[in-house]
Amino acid sequence: MASNQKDGYIRSKRLVLLEIGLLVGAAGLCLVMVMVMVHGLKRLLLEKIGFAEGMVHINGTSSIGLIDEDYICATLDWWPPQKCDYGTCSWGASSILNLDLNIPLLFNAIKAFSPLKLRLGGTLQNRVQYQRLGDQEPCSPYFNLTNDGLFGYTQGCLPLSRWDELNIFFQNSGARVIFGLNALSHRQVNNDGSVVGPWNSSNAEELMKYTVDKGFPVHGWELGNELSARGIGASIGADQYASDTVSLQNLVQKIYKTSGVKPIVLGPGGFFDANWFTEYVGKSSDSLQVITQHIYNLGPGVDKHLIEKILDPAYLDGGSQPFRDLQNILKKSGTSTVAWVGEAGGAYNSGRNQVTNAFVFSFWYLDQLGMAASYDTKTYCRQTLIGGNYGLLNTDSFVPNPDYYSALLWHRLMGRRVLSTSFHGTKMIRSYAHCSKHSNGLTILLINLDRITKTEVGISVENVTIAVAAKQQTKQIQSSKYGSKEFTREEYHLTAKDGNLNSHILLLNGKELGVNSTGNIPSLEPIEVSLSDPITVAPYSIVFVHIPRIHIQACTE
């Protein structure tokens with residue numbers, strides 16, 4: 001198509017779009033917003049020059065999931081600086097034991113969420129002991145490499161002074177803490193990795209009592225890390241793990257008996273196995289408030305095909321299976337237990353530099369957030385807040401990586417109620433929709449995995465009404481051509497600097513995001529667009545669309 005023909009076509013299409021308004025049915029106000037009208041032949045021509053069209057269909061009748069208000073969660077791990085993978089040591093001073101809590105940027109990054117759930121845990125939580133009040137023996141806060149110890153490290157120790165520092169920092173920064181307890185304390189691990197006997201809770205009990213006496217709020221206590229089913233380094237049968245979980249719940253009830261709000265109990269913090277999880281849920285009874293699974297579905301960090309997997313819609317679709325299966329297990333059991341993702345770094349063994357900490361990873365991360373929510377997962381914990389090659393913050397400078405801003409936008413825009421959403425058009429667009437967090441309206445997430453094709457997207461919503469009187473609609477549709485607030489939306493377009501998917505620098509609406517010299521997180525400002533215009537999703541880009549001034553039935557339930 002010649003340039004002048006293309007421009008003429010686009011101008012004529014937009015003139016048509018400006019005339020699209022409200023279809024008012026006899027039964028009441030029924031808004032069907034249709035922003036793209038394309039003849040099949042013209043669509044084919046546009047695709048050849050890097051354009052495509054599609055439609056997001058949203059069922060506004062009822063929600064399909066209800067996430068936590070603080071759905072976004074991040075982890076802090078125990079790994080020492082000696083933790084290396086594939087010849088690269090990426091953890092530095094990011095451990096629970098050595099992280100510098102006096103960095104303003106770290107404080108501001110957490111405070112920006114207010115609150116941010118923080119899950120403290122990881123492989124070495126099953127190798128840490130907690131200092132006892134009045135202990136005369138030294139508590140060395142280090143893990144050292146060894147050929148003899150479980151997981152390849154000696155036992156470490158959490159000093160009470162460090163626990164004090166952490167809790168004061170978390171309280172001041174607005175973090176909500178989930179602490180992972182050592183499930184292997186004083187237990188024998190056989191050569192085949194099987195664990196003998198019940199959980200010894202004595203050391204955990206002392207830490208919990210100390211925590212209560214100090215008045216430190218802990219949102220939840222999680223038992224163990226990756227010990228379910230086959231486990232990593234060790235494994236515990238579902239029957240025994242359920243019994244251990246009941247013991248933890250009894251401990252919480254005893255220690256917090258005079259507290260108005262009691263911490264939740266979580267487990268097992270492991271990889272999904274349908275049979276194991278089914279038995280665990282059934283035998284944990286009402287002692288388990290949250291069942292947590294870990295997600296590393298991209299394979300090892302050394303995999304040279306990570307980016308190909310991230311940009312493959314079929315591969316991303318395959319990630320839905322554990323969410324769907326766990327949702328079915330919980331439904332069939334009739335339990336009140338809810339599902340979380342307790343740890344998700346995508347690629348295991350610390351991720352991959354310039355992939356899991358770069359712009360390209362936001363495609364996987366945001367797709368995971370949307371997908372998990374659509375299966376009624378209540379919270380999603382990203383591995384990590386800082387540390388490894390998949391931190392939301394740079395391990396050395398604490399500067400936010402692109403996924404930090406992706407998470408913050410999700411936290412601010414996507415409300416609790418999840419809406420059934422489907423996209424018709426190219427397979428390279430991923431779409432999710434929620435009721436808006438701070439308005440009665442709608443927020444849509446669109447992810448374009450295509451390298452060259454710009455997609456213009458329309459929206460169709462069932463059971464939605466505009467927040468104005470019916471007799472004013474015609475007048476306001478006309479005035480929308482001239483920028484009426486009632487017929488505008490807010491858009492947040494995320495792209496990589498210079499179009500480089502491996503970039504650590506994110507552009508919001510074309511402007512580079514960065515912190516200032518005092519470590520302040522930048523404001524995330526939208527652009528305002530007429531509702532009569534289609535949503536333009538550039539190649540390799542992500543768009544949050546907030547439509548505030550509409551009422552959706554599902555959002556008023």
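- A side chain to side chain contact (heavy atoms under 4.5 Å, CB included) with S94 holds for exactly one of L385, T395, T384; it is T395.
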Subject >> D317/K427 under salt bridge (Lys or Arg N to Asp or Glu O under 4.0 Å): CA gap, chis, key distance, verdict >> reply: CA-CA 11 Å; D317 285 341; K427 294 180 180 180; over 6 Å; no

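- Heavy atoms from other residues, nucleotides or ligands lying under 6.0 Å from CZ of R230 number 12 at most.
- The salt bridge (Lys or Arg N to Asp or Glu O under 4.0 Å) pairs that include a residue from residues 355-375 are D367-R430, where partners are two or more places apart or lie in different chains.
- T146 places a side-chain N or O within 3.5 Å of a backbone atom of D148 that can act as its donor or acceptor partner.
- Side chain of K437 to backbone of H411: a donor-acceptor contact under 3.5 angstrom is found.
- Between T356 and N389, the shortest heavy-atom distance links the atoms OG1-O, 2.6 Å.
- With sequence neighbours left out, R162 forms a salt bridge (charged side-chain N to carboxylate O under 4.0 Å, His left out) with E165.
- Centroid-to-centroid, the aromatic rings of Y404 and F113 come within less than 6.0 Å.
- The salt bridge (charged side-chain N to carboxylate O under 4.0 Å, His left out) test applied to D450 returns no partner, not counting sequence neighbours.
- The main-chain N or O of V261 is never found under 3.5 Å from a side-chain atom of S259 such that the two would form a donor-acceptor pair.
- Judged by distance alone, the side chain of R127 and the main-chain N or O of Y153 form a donor-acceptor pair under 3.5 Å.
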Original post:
Can Y241 and W276 be said to form a ring pair (Phe, Tyr, Trp, His ring centres under 6.0 Å), step by step?
Top reply: CA-CA 10 Å; Y241 218 119; W276 195 99; 5.5 Å; yes

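- In this view, R132 and E206 satisfy the salt bridge (charged side-chain N to carboxylate O under 4.0 Å, His left out) rule, not counting sequence neighbours.
- At a cut-off of 3.5 Å, with distance as the only test, no side-chain donor of N275 or E279 sits close to an acceptor on the other residue.
- Note: F151 and W78 fail the aromatic proximity criterion, with ring centroids not under 6.0 Å apart.
- Between H57 and H424, the angle of the ring planes goes over 60°, which puts this pair in the perpendicular group of the 30/60° scheme.
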Original post:
Could you walk me through whether V338 and I291 pass the side chain to side chain contact (heavy atoms under 4.5 Å, CB included) check?
Top reply: CA-CA 6 Å; V338 299; I291 188 165; over 6 Å; no

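- The closest donor-acceptor contact from the side chain of D244 to the backbone of W199 lies under 3.5 Å.
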**OP:** Evaluate salt bridge (Lys or Arg N to Asp or Glu O under 4.0 Å) for K378 paired with D68, printing each intermediate quantity in order.
**Re:** CA-CA 5 Å; K378 304 300 184 183; D68 288 342; over 6 Å; no

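- Formation of a donor-acceptor pair under 3.5 Å by the Q553 side chain with backbone atoms of G60 is not found in this model.
- The shortest side-chain heavy-atom distance between V341 and T379 does not fall under the 4.5 Å cut-off.
- Aromatic ring orientation, Y280 versus F277: perpendicular (interplanar angle above 60°, classes split at 30° and 60°).
- Within the 4.5 Å cutoff, the side chain of Q383 has heavy atoms near those of the D77 side chain.
- Of the inter-residue distances, the one linking S201 atom OG with N182 atom CG reads 11.5 Å to the nearest 0.5 angstrom.
- Judged by distance alone, with hydrogens and angles left aside, the side-chain atoms of S333 form a donor-acceptor pair with the main-chain N or O of L330 at under 3.5 Å.
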Original post:
Can you check side chain to side chain contact (heavy atoms under 4.5 Å, CB included) on N203 and Q129, steps first, answer last?
Top reply: CA-CA 7 Å; N203 194 214; Q129 293 294 302; 3.0 Å; yes

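- A side-chain donor from one of D85 and S350 sits under 3.5 Å from a side-chain acceptor of the other.
- No donor-acceptor pair closer than 3.5 Å links the side chain of T245 to the backbone N or O of S284.
- The heavy-atom pair separating P322 from Q293 by the smallest distance is CB-OE1, 3.5 Å.
- A donor atom on one side chain and an acceptor atom on the other are found under 3.5 Å apart for T211 and W163.
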Compile the donor-acceptor pairs under 3.5 Å between side chains in residues 218-225 and protein atoms, sequence neighbours left out, one pair per line.
| unit_1 | atom_1 | unit_2 | atom_2 | d |
| --- | --- | --- | --- | --- |
| W221 | NE1 | Y256 | OH | 3.2 |
| E222 | OE1 | R119 | NE | 3.1 |
| E222 | OE2 | T292 | OG1 | 2.6 |
| N225 | OD1 | R119 | NH2 | 2.8 |

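- Using a 30° and 60° split on the angle between ring planes, W410 and H434 fall in the perpendicular class, above 60°.
- Of the residues L501, I307, D403, N401, the one that meets the side chain to side chain contact (heavy atoms under 4.5 Å, CB included) test with F361 is D403.
- At a threshold of 4.5 Å between non-hydrogen side-chain atoms, the residues L369 and I72 count as touching.
- Taking the side chain as every heavy atom from C-beta outward, Y296 and F271 approach each other to under 4.5 Å.
- Of the possible polar contacts, none joining the S63 side chain to the R417 backbone as a donor-acceptor pair under 3.5 Å is found.
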Subject >> Test side chain to side chain contact (heavy atoms under 4.5 Å, CB included) applied to L419 and L442, step by step >> reply: CA-CA 9 Å; L419 303 176; L442 172 71; 3.5 Å; yes

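- A cation-pi arrangement, defined by a distance under 6.0 Å to the six-membered ring centre and an angle within 45 degrees of its axis, is present between K117 and W340.
- Contact check for N59 versus E462: side-chain heavy atoms found under the 4.5 Å cut-off.
- Put simply, the residue from V56, I447, V537 that forms a side chain to side chain contact (heavy atoms under 4.5 Å, CB included) with I429 is V537.
- By the 30° and 60° cut-offs, the orientation of the rings of Y71 relative to Y380 is tilted.
- Rounded to the nearest 0.5 angstrom, L251 CG and K209 NZ are separated by 8.0 Å.
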**OP:** Under the side chain to side chain contact (heavy atoms under 4.5 Å, CB included) rule, what do L445 and T421 come out as? Steps first, then yes or no, please.
**Re:** CA-CA 10 Å; L445 169 62; T421 308; over 6 Å; no

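- Summarising the geometry of I67 relative to G415, their closest heavy-atom pair is CD1-O, 3.5 Å, with the distance given to 0.1 Å.
- Side-chain atoms of L227 and V195, non-hydrogen and from C-beta on, never get closer than 4.5 Å to each other.
- Between F323 and Y375, the ring planes lie parallel to each other; the angle is under 30°, not in the 30° to 60° tilted range.
- No side-chain heavy atom of P80 sits less than 4.5 Å from a side-chain heavy atom of Y142.
- Here the side chain of Q131 pairs a donor or acceptor atom with the backbone of L160 at under 3.5 angstrom.
- Under the 4.5 Å side-chain criterion, counting only non-hydrogen atoms from C-beta, T377 is not in contact with Q327.
- Within the structure, salt bridge (Lys or Arg N to Asp or Glu O under 4.0 Å) contacts touching residues 248-272 (residues at least two apart or in different chains) are E205-K254.
- More than 12 heavy atoms of other residues, nucleotides or ligands sit less than 6.0 Å from atom CG of N144.
- Residues D164 and Y210 have side chains that bring a donor and an acceptor to within less than 3.5 angstrom of each other.
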